[in-house]
Amino acid sequence: MVLQAQEGLLTTSSAHVLVATAVPVERDAVAGAFASPAVEVLLPGVTLRRIGTLDLVAAGVGPALAAASAACALTAAALRGDPYDLVVCAGIAGGFAPDAPVGSLVVADDIVAADLGAQTPDGFLPVTELGFGTVNHRPPQPLVRDLAVATGARTGTVLTVSTVTGSAARAEELRGRHPRALAEAMEGFGVAEAAAAHGTPVVEVRAVSNPVGPRDRAAWRIGDALEALTEGFGKLAPLLEGWKPA
């Protein structure tokens, strides 16, 4: 590993990566993939756990809080002259059966805000069709392919929702609008919006804990999904640390 002098500090040539999860248990599952202990870093509005050049943050549940927390970390890094090279949104998710079974890993090749828009008599209209904003972010496709090969993950669309799906009808409606959807979660699009504001590439990695559809707590396998997340990041770490934008 090459060491370089920068503003009186020694920094490595490894990529500077921010990993944003929703809750601490997901953050800790990612941290469990690394042998080095995490160091707590207090910043205005957010607390990081730092492992080398990797910063972990439990950004909060939902796209708004996740975006705000990620933006705090991104802005702090930019102001100190050490901006992030990559942002990763990670955690557990619901998977669309049968393509993303419980325990599987998913890497998003498209991060989509599935319920940002308007309901009309003719169905749902995304906000872009109302003349505003954006509804998707595309991660760097070579990185998506490399991460999938390293972990055996499935690649496809990961939906961001503000209300978790709880019925078969809702699952069918979402899959009808997004036929490539593999998973749904609540933070990816928010994290991606914050990353885009800083011109920073983003990718989303999810471990499936339950099927998307009727809520059945007995079918949830959160522990298994967290273990899959730890195992996956153990394989992803060298790629993330060595990745640089083209």
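Sorted by first then second residue, the ring pair (Phe, Tyr, Trp, His ring centres under 6.0 Å) pairs that include residues 75-134, not counting sequence neighbours, are His16-Tyr84. Within the structure, side chain to side chain donor-acceptor pair (under 3.5 Å) pairs that include any residue of residues 208-228 do not occur (at least two apart or interchain). Applying the side chain to side chain donor-acceptor pair (under 3.5 Å) test to pairs two or more places apart or on separate chains, none has a residue in residues 19-37. For residues 19-47, the set of pairs meeting the ring pair (Phe, Tyr, Trp, His ring centres under 6.0 Å) definition, not counting sequence neighbours, is empty.
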List the atom pairs, donor and acceptor, that lie under 3.5 Å between side-chain atoms in residues 101-115 and the rest of the protein, sequence neighbours left out.
| unit_1 | atom_1 | unit_2 | atom_2 | d |
| --- | --- | --- | --- | --- |
| Ser104 | OG | Pro101 | O | 2.6 |
| Asp109 | OD1 | Arg180 | NH1 | 3.2 |
| Asp109 | OD1 | Arg180 | NH2 | 3.4 |
| Asp109 | OD2 | Arg180 | NH2 | 2.6 |
| Asp110 | OD1 | Asn136 | ND2 | 3.0 |
| Asp115 | OD2 | Ser162 | N | 2.9 |

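Under the salt bridge (charged side-chain N to carboxylate O under 4.0 Å, His left out) criterion, Arg175 pairs with Asp99, not counting sequence neighbours. Checked against ring pair (Phe, Tyr, Trp, His ring centres under 6.0 Å), His178 has no partners two or more places apart in sequence or in another chain. Arg154 meets the salt bridge (charged side-chain N to carboxylate O under 4.0 Å, His left out) test with no other residue; sequence neighbours excluded. A search for side chain to side chain contact (heavy atoms under 4.5 Å, CB included) contacts involving Ala71 returns Ala194, not counting sequence neighbours. In this structure Arg145 satisfies the salt bridge (charged side-chain N to carboxylate O under 4.0 Å, His left out) test with no other residue, sequence neighbours excluded. Applying the ring pair (Phe, Tyr, Trp, His ring centres under 6.0 Å) rule to His198 yields no partners; only residues at least two apart in sequence or on another chain are considered. Partners of Glu231 according to the salt bridge (charged side-chain N to carboxylate O under 4.0 Å, His left out) rule, which considers only residues two or more places apart in sequence or in another chain, are Lys235.
In summary, the side chains of Glu241 and Thr53 do not present any donor paired with an acceptor at a separation below 3.5 Å, with no hydrogens or angles considered.
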* To do: Give the intermediate values and the outcome of side chain to side chain contact (heavy atoms under 4.5 Å, CB included) for residues Asp85 and Lys244.
  => CA-CA 7 Å; Asp85 298 300; Lys244 292 289 183 180; 3.2 Å; yes
